[in-house]
Amino acid sequence: MVGFGWRKPANVAGTSAPAILLSLFVATGGLLFGYDTGSINGILAMETFREDFSTGYIASDGKPGMSPKEISLIVAMLSAGTIVGALMAAPMGDRWGRRLSLIASIGIFCVGAIFQVCAYNVALLIVGRTVAGVGVGIVSVLVPVYQSEMAPKWIRGTLVCAYQLSITAGLFAAAGVNILTHNIPSAAAYRIPIGLQLTWAVVLALGMLVLPETPRYLIKRGYKDAAALSLSRLRRLDITHPALIEELAEIQANHEYELALGPDTYKDIFFGDPHLGRRTLTGCGLQMLQQLTGVNFIMYYGTTFFSGAGVDDPYLISLIMQIINMVSTFPGLFVVESWGRRRLLIVGSIGMAICQLLIASFATATGDSNQPVQNQILIIFVAIYIFFFAASWGPVVWVVTAEIYPLKVRAKSMSVSTASNWLLNFGIAYGTPYLVNTSSKGKGETEYLGSRVFFVWGAFCILSIAFVWCMVYETSKISLEQIDEMYERVDHAWNSRDFEPSWSFQQMRDFGFSESGIPPTEPQLELQPSRTSTSQSDTGGSSTTNTTTTGSQDDKVLTQLGHVDFSY
Ligand code: BGC
């Protein structure tokens, strides 16, 4: 475990187990995301489904089916719903809290799923998918936010990676269930896979009912006592424990510092301080580039693409790709803390770019001729590509976007950046078939890209190397509050790896460090009182923090705690 950077530092007070278990449980929200986006692939190909939902269109195999326009709408309206959901997540998450909004989003998802199970025509199915998409969109923003606001810093990245693991498990489960049911000679063939997603949604919603709200959200809303209780449950420390009081005070001071630098409106996430525009741009850029690596081309259209390329058993190959996608998340999960986010993203981009450019070059050289050797090469390099994606850009994009934003705008910035992911997801789901013509065999279809579409994805992977180098700050091993300090003090992302946190936001608040956030010089500090202690009192619903300067008793406690790391 040491090599993976997963050892709880000896000087961290309390236990991390509850926070880790809660984060892992909430991560399973990714199952809804993966299953819902993945299940339609196989359902569309089921004969019973095509017969029951056909509007009279006769497909190229001479059997009833749906028109390409209807298929595009059925596939893509889920993504359209997710864009709306991702944008709704911020107002909901900031007003009702992360936890209640997650429960509400699962409720919305269930309504959409029920619509789909009961649907008997294309219109109802599309309505159901759009509504379920809204739920998935909210989940996709608030799960990583909830996790990162709960998690101890030394394992935060790994826990958010577990969310991606659930997404891939959901995709895999959807493919597996479809394979098991597709031969049932009745509507059960597609109603079972659609209905099954309700089971986990219900378990998740029931679990969320008993989970705590995140302490950071409660601080944001000014509920200090509730925040203390939540933190006390998470760390298994008494509410009066100095380490707990100190951690809470630092979160609070950091939030006050952020607010002192300016408001938290939607305009501010692009133009406000501290460096909000740069951070929002980083998140949106990462999320869009994640889609432009072309992963969903394989996830959504893999089966049709492989069959168009003349691969013998496209269903099996697609299932194998899903397995590789799921299993390869583990290497990323293991090294995200020890390698850090930047290095993992860059290695992933290089690996993906090489695979894609090789596939595209080979296809250009052989002219999409569907030779067995060519197919083997295609399959092998797509598999290696999926490995690199699943170990790097799949999980790490969610990790980085969940941690780079300051508390005051976290939900808003996360929601806008996630919406940009879904927007591109929608564009790729809707537009790629027209670009690639997945249904043709490629021969003589020079107006379509065929396998050469990998040139496009490869070019974006190369662009992503430069993007990460210039824009992504290294956020591993430091607390969410210390990330604020890093953005203030480190001018260039490529220097961020060497950053050592040194500010205390409590000191900054109490001793009035300059507005620019520059700490005072050593001699100035020495003139300041030696210690501070924080006590809380509730004043008619809103709580206040009293910072007092004390001597002997507190000094003794704090001296004993001198080696304890308070920044979780
Ligand atoms: C992406 C999804 C993709 C999945 C594949 C996620 O991180 O956001 O669009 O389908 O990874 O594993």
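Counting starts at 1 for both ligands and their atoms, in listed order. We count residues from 1, following the sequence as given.
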(request) Let me know which protein residues bring a heavy atom to under 4.0 Å of ligand 1; chain then number is fine for ordering. (result) Phe33, Gln164, Thr168, Leu171, Gln290, Gln291, Asn296, Asn325, Phe389, Gly394, Trp398, Asn421, Asn425

(request) With Arg278 as the cation and Tyr487 as the aromatic partner, state whether NZ or CZ is under 6.0 Å from the six-membered ring centre and within 45° of the axis. (result) no

(request) Answer yes or no: is there an ion pair linking Glu481 with Arg216, defined by an N-O contact shorter than 4.0 Å? (result) yes

(message) Please evaluate residues Ser349 and Ser464 with respect to the criterion side-chain hydrogen bond (donor to acceptor under 3.5 Å, both in side chains), reporting the C-alpha separation (whole Å), side-chain torsions for both, the decisive distance (0.1 Å), and the verdict.
(response) CA-CA 7 Å; Ser349 298; Ser464 69; 2.9 Å; yes

(request) Of all the heavy-atom pairs spanning Arg342 and Val472, show the shortest one and how long it is. (result) NH1-O, 2.8 Å

(message) Within the structure provided, determine whether Leu407 and Leu480 are in side-chain contact (heavy-atom separation under 4.5 Å).
(response) no

(message) Could you report the tightest heavy-atom contact between Arg129 and Val75, atom names first, then the distance?
(response) NH2-O, 3.2 Å

